[in-house]
Amino acid sequence: MTQLLKHIALVVADYDEAIEFYTKKLRFTLVEDTRLSETKRWVLVAPPGGADGCLLLLAKAASEEQQTRVGNQTGGRVFLFLHTDSFQKDYQNLLDQGIKIVREPSQEAYGTVAVFADLYGNLWDLIETGSSGG
């Protein structure tokens, strides 16, 4: 038996602003945007070159309780880990796009890492594994 994570839901305030952030600022690909009802859409985005991996499902907050989770799904911990084979290029893109850097790049035993916040404040690690680090 084989299992894998296919989608991770990220609660967002607005579909279109989230799509714009992920596709324009992080250069993700919009994989699917299907209207399911008057208020609900099935929106999947993938990092560059990652459409065959785990996709991010942008899920609009539909209740007051869900709205309280936008930007803080993990209580302030890093939530998502974006691996790259070109740390310097991707880090420079974060700077160029005005994305908030929470922790400057550092060299760790596993590679180079920086922490950034998405448009709602969710924390992400940008990581390049290995000793070269970028």
Side-chain angles (χ1 to χ4, degrees):
M1 172 171 39
T2 300
Q3 296 181 339
L4 58 93
L5 287 174
K6 195 64 178 163
H7 306 111
I8 294 177
L10 179 64
V11 181
V12 300
D14 180 83
Y15 289 118
D16 293 323
E17 74 180 2
I19 290 169
E20 180 157 339
F21 176 83
Y22 285 100
T23 61
K24 302 284 193 257
K25 296 196 176 231
L26 291 185
R27 301 181 315 218
F28 280 32
T29 300
L30 179 61
V31 175
E32 184 176 351
D33 184 358
T34 302
R35 184 166 298 283
L36 301 176
S37 72
E38 189 74 26
T39 58
K40 190 172 182 179
R41 290 158 58 183
W42 181 260
V43 179
L44 295 170
V45 294
D52 292 334
C54 186
L55 304 178
L56 202 55
L57 172 66
L58 304 179
K60 184 177 177 183
S63 68
E64 278 189 42
E65 182 179 1
Q66 289 176 12
Q67 289 171 2
T68 68
R69 303 308 193 267
V70 172
N72 193 20
Q73 290 185 216
T74 59
R77 291 192 56 118
V78 169
F79 177 42
L80 297 162
F81 300 81
L82 184 59
H83 284 248
T84 180
D85 61 0
S86 184
F87 183 90
Q88 288 302 325
K89 179 180 173 188
D90 288 334
Y91 182 73
Q92 187 61 51
N93 180 66
L94 296 177
L95 296 175
D96 293 347
Q97 294 298 326
I99 294 172
K100 181 180 178 185
I101 304 301
V102 175
R103 191 177 78 209
E104 297 292 325
S106 63
Q107 189 65 41
E108 305 296 335
Y110 52 84
T112 304
V113 63
V115 179
F116 69 92
D118 69 14
L119 76 163
Y120 298 116
N122 293 298
L123 299 182
W124 291 65
D125 270 1
L126 175 66
I127 302 171
E128 182 174 10
T129 57
S131 59
S132 66

Next on the checklist: By the salt bridge (Lys or Arg N to Asp or Glu O under 4.0 Å) test, which pairs, at least two apart or in different chains, include something from residues 75-91?
Outcome noted: R27-D90

Checklist entry - Are Q88 and T112 close enough that some pair of their side-chain heavy atoms sits under 4.5 Å apart? => result no

Checklist outcome for this item: Looking only at heavy atoms, the pair that brings A117 and L123 closest together is CB-CD2, 4.1 Å

Checklist entry - Among all residues two or more places apart in sequence or in another chain, which pass the ring-ring contact (aromatic ring centres under 6.0 Å, His included) test with Y15? => result none

Checklist entry - Counting only heavy atoms not in L5, do more than 12 sit closer than 6.0 Å to its CG atom? => result no

Next on the checklist: If the condition is salt bridge (charged side-chain N to carboxylate O under 4.0 Å, His left out), which residues does D118 pass it with, not counting sequence neighbours?
Outcome noted: none

Next on the checklist: How close do Q97 and K25 get, counting heavy atoms only, and between which atoms?
Outcome noted: O-NZ, 3.0 Å

Checklist entry - Which pairs, with at least one residue in residues 55-77 and sequence neighbours excluded, count as a ring-ring contact (aromatic ring centres under 6.0 Å, His included)? => result none

Checklist entry - Would you say I19 and V31 are hydrophobically clustered, going by side-chain heavy atoms of ILVMFWY under 4.5 Å? => result no

Checklist entry - For the residue pair L82 and P47, what are the closest heavy atoms and their distance? => result CD1-CB, 3.8 Å

All N/O donor-acceptor pairs, side-chain side in residues 49-65, below 3.5 Å, sequence neighbours left out:
residue	atom	partner	partner atom	Å
S63	OG	Q66	N	3.1

Checklist entry - Atom CG in L4, atom OG1 in T2: separation rounded to 0.5 Å? => result 8.0 Å

Checklist entry - What residue among L94, I101, I99 forms side-chain contact (heavy atoms from CB on, under 4.5 Å) with L126? => result L94

Checklist outcome for this item: residues 42-78 vs ring-ring contact (aromatic ring centres under 6.0 Å, His included), sequence neighbours excluded, gives H7-W42

Checklist entry - Any chain of hydrophobic side-chain contacts (each under 4.5 Å) joining L80 to V12? => result yes

Checklist entry - Do you know which two heavy atoms are closest between N122 and W124, and how far apart they sit? => result O-CD1, 3.5 Å

Next on the checklist: Could you measure the distance from the OG1 atom of T68 to the CD atom of Q73? Nearest 0.5 Å is fine.
Outcome noted: 10.0 Å

Checklist entry - R41: what forms a salt bridge (charged side-chain N to carboxylate O under 4.0 Å, His left out) with it, not counting sequence neighbours? => result D16, D33

Item to check | Set of residues satisfying side-chain hydrogen bond (donor to acceptor under 3.5 Å, both in side chains) with respect to T34, sequence neighbours excluded | outcome: E32

Item to check | Contact list for residues 53-84, test ring-ring contact (aromatic ring centres under 6.0 Å, His included), sequence neighbours left out | outcome: none

Next on the checklist: List the residues meeting side-chain hydrogen bond (donor to acceptor under 3.5 Å, both in side chains) with E17, not counting sequence neighbours, and say none if there are none.
Outcome noted: Y120

Next on the checklist: Using a 6.0 Å cut-off, check whether atom CD of E20 has over 12 heavy atoms from anything other than its own residue.
Outcome noted: no

Checklist entry - Which atom pair, heavy atoms only, marks the closest approach of Y22 to L10? => result OH-CD2, 3.1 Å

Next on the checklist: Taking side-chain hydrogen bond (donor to acceptor under 3.5 Å, both in side chains) as the definition, give me every residue that meets it alongside E108, ordered by chain and number, with sequence neighbours left out.
Outcome noted: S106

Checklist entry - With sequence neighbours left out, what residues match Y91 under ring-ring contact (aromatic ring centres under 6.0 Å, His included)? => result F87

Checklist outcome for this item: Taken to the nearest 0.5 Å, the spacing of F116 CZ from N93 CG works out to 9.5 Å

